[in-house]
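Only one structure is covered here, and it is reproduced in the block below.
Lettering follows sequence order; numbering is per chain, from 1.
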2 protein chains.
Amino acid sequence: MKPKIKLDKIDRRILEILQANAKITNAQLANEIGLSPAPTLERVKKLEVSGIIKSYHAMLDNEKVGLGVSTFVMVSLKGHNKVNIEAFTQAINEIDEVIECHHITGSGDFILKIIAQDIAAYQKLMLEKVTNIEVVDNMQSLVILSTFKDSKVMPIP
Amino acid sequence: MKPKIKLDKIDRRILEILQANAKITNAQLANEIGLSPAPTLERVKKLEVSGIIKSYHAMLDNEKVGLGVSTFVMVSLKGHNKVNIEAFTQAINEIDEVIECHHITGSGDFILKIIAQDIAAYQKLMLEKVTNIEVVDNMQSLVILSTFKDSKVMPIP
DNA sequence: TTATACCACAAAATATTATTTGGTGCGAAG
DNA sequence: CTTCGCACCAAATAATATTTTGTGGTATAA
């Protein structure tokens, strides 16, 4: 039962704009896409209700809020079984500093993205919370030195 | 010349809320933090002007817009020198499907996040655009099978 | 072809929300 | 002790979202 959502060119344009700038007013948005405010708003609401637009978020400057260290961590579990995976994801969910957790193909099982104040805080976090999750076999940290691209706009086909 | 921005408990609460839900009205936000609308708005504006809040973005449901495949790609360059890095990042910047590009420590030099419609489109993208960037030595793709956590809320210290 | 139901849209009225204004109290510096 | 400046509140105003109403175009079925 897929509702078969079809997006026309205008919808895609709306999505593009709102991904880049969610704070645009409806009037401005209407102007950019060449419609009047009423149908523009209708379209946006439709996109929200259908779940195509999931949510809206403020993005912060990590440095300025005192979060200077970001890392990716490759994690291998002791076994690939369902029980271990559930134990791991549950443990991960309780750690605020882990902002992403993806199950991936390849030699590692999971990749995490972790945010911390500095290297010291990162080390402490890893030692105290992450490393000693029971089902973890081994881990490899990749510290981000600099970020060249971090786009919030998906390439809508 | 660092303006030394200090955040009190209320500011941090505001940031937390706006990261989770940027569409909250100022009145609601004021209510949640226990202030009246006027000073609440003042604080938000201050956070925006100071650059602590960088931007606001709509987040889409990738599946529903027809983007079923997400991957991480580990990339090694032929040399670590500045020229190669610039050549690489510039090439990457032109590819919309590459939504993140980070320079990292460790054996690989870069980690990318790439979004595509499906495996076929992903393969095509890699073959035609990514693989033949001159300075790339080798790459390893990690396909995301499922995502267990993808938080937009940073743990503000 | 013609009738009919349905969208998508624009314009204007209304409701909601943001923003400004003026005034008060409190803490820090002189 | 006084004064300055800041953070705050309440209320007025301005901007914006949202609803309502009516129209034209288009696909569908007789």
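At least one side-chain heavy atom of S141(B) sits less than 4.5 Å from a side-chain heavy atom of Y122(B).
Salt bridge absent: E97(A) and K113(A) never bring a charged side-chain N and a carboxylate O closer than 4.0 Å. Between K78(A) and E134(A) a salt bridge is recorded (basic side-chain N to carboxylate O distance below 4.0 Å). Ion pairing between a basic and an acidic side chain is recognised when a charged N comes within 4.0 Å of a carboxylate O; D8(B) and R43(B) show such pairing. Between K45(A) and E48(A) there is a salt bridge, since at least one side-chain N of the basic residue sits less than 4.0 Å from a carboxylate O of the acidic one. Of the charged side-chain nitrogens involved, at least one lies within less than 4.0 Å of a carboxylate oxygen, so that E32(B) and R13(B) count as a salt-bridged pair.
Mapping heavy-atom proximity under 4.0 Å, the span of DNA chain D touched by chain B runs 5' to 3' from dA7(D) to dA10(D).
Here the two rings, on F88(B) and F148(A), have centers that are 6.0 Å apart or farther.
Cluster annotation: F110(A) is connected to V135(A) through the hydrophobic network of ILVMFWY side chains, with a link wherever side-chain heavy atoms come within less than 4.5 Å.
Looking at H80(B) and D109(B), their side chains do bring a donor and an acceptor atom within 3.5 Å of each other.
Rounded to a whole Å, the CG atom of L29(B) is 14 Å from the P atom of dT17(C). Straight-line distance from the CG atom of N26(B) to the P atom of dT17(C): 11 Å, rounded to whole Å.
Across the helix from dT1(C)-dA30(D) to dG30(C)-dC1(D), the helix axis at one end is tilted relative to the axis at the other end by 30° (nearest 10 degrees, each axis from five pairs).
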For nucleotides 7-12 of chain C, 5' to 3', base contacts (B), sugar-phosphate-only contacts (S) and non-contacts (-) with protein non-hydrogen atoms under 4.0 Å give -SSBB-
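Side chain of H57(B) to main chain of Q19(A): a donor-acceptor pair is present (N/O by atom type, distance under 3.5 Å, no hydrogens or angles).
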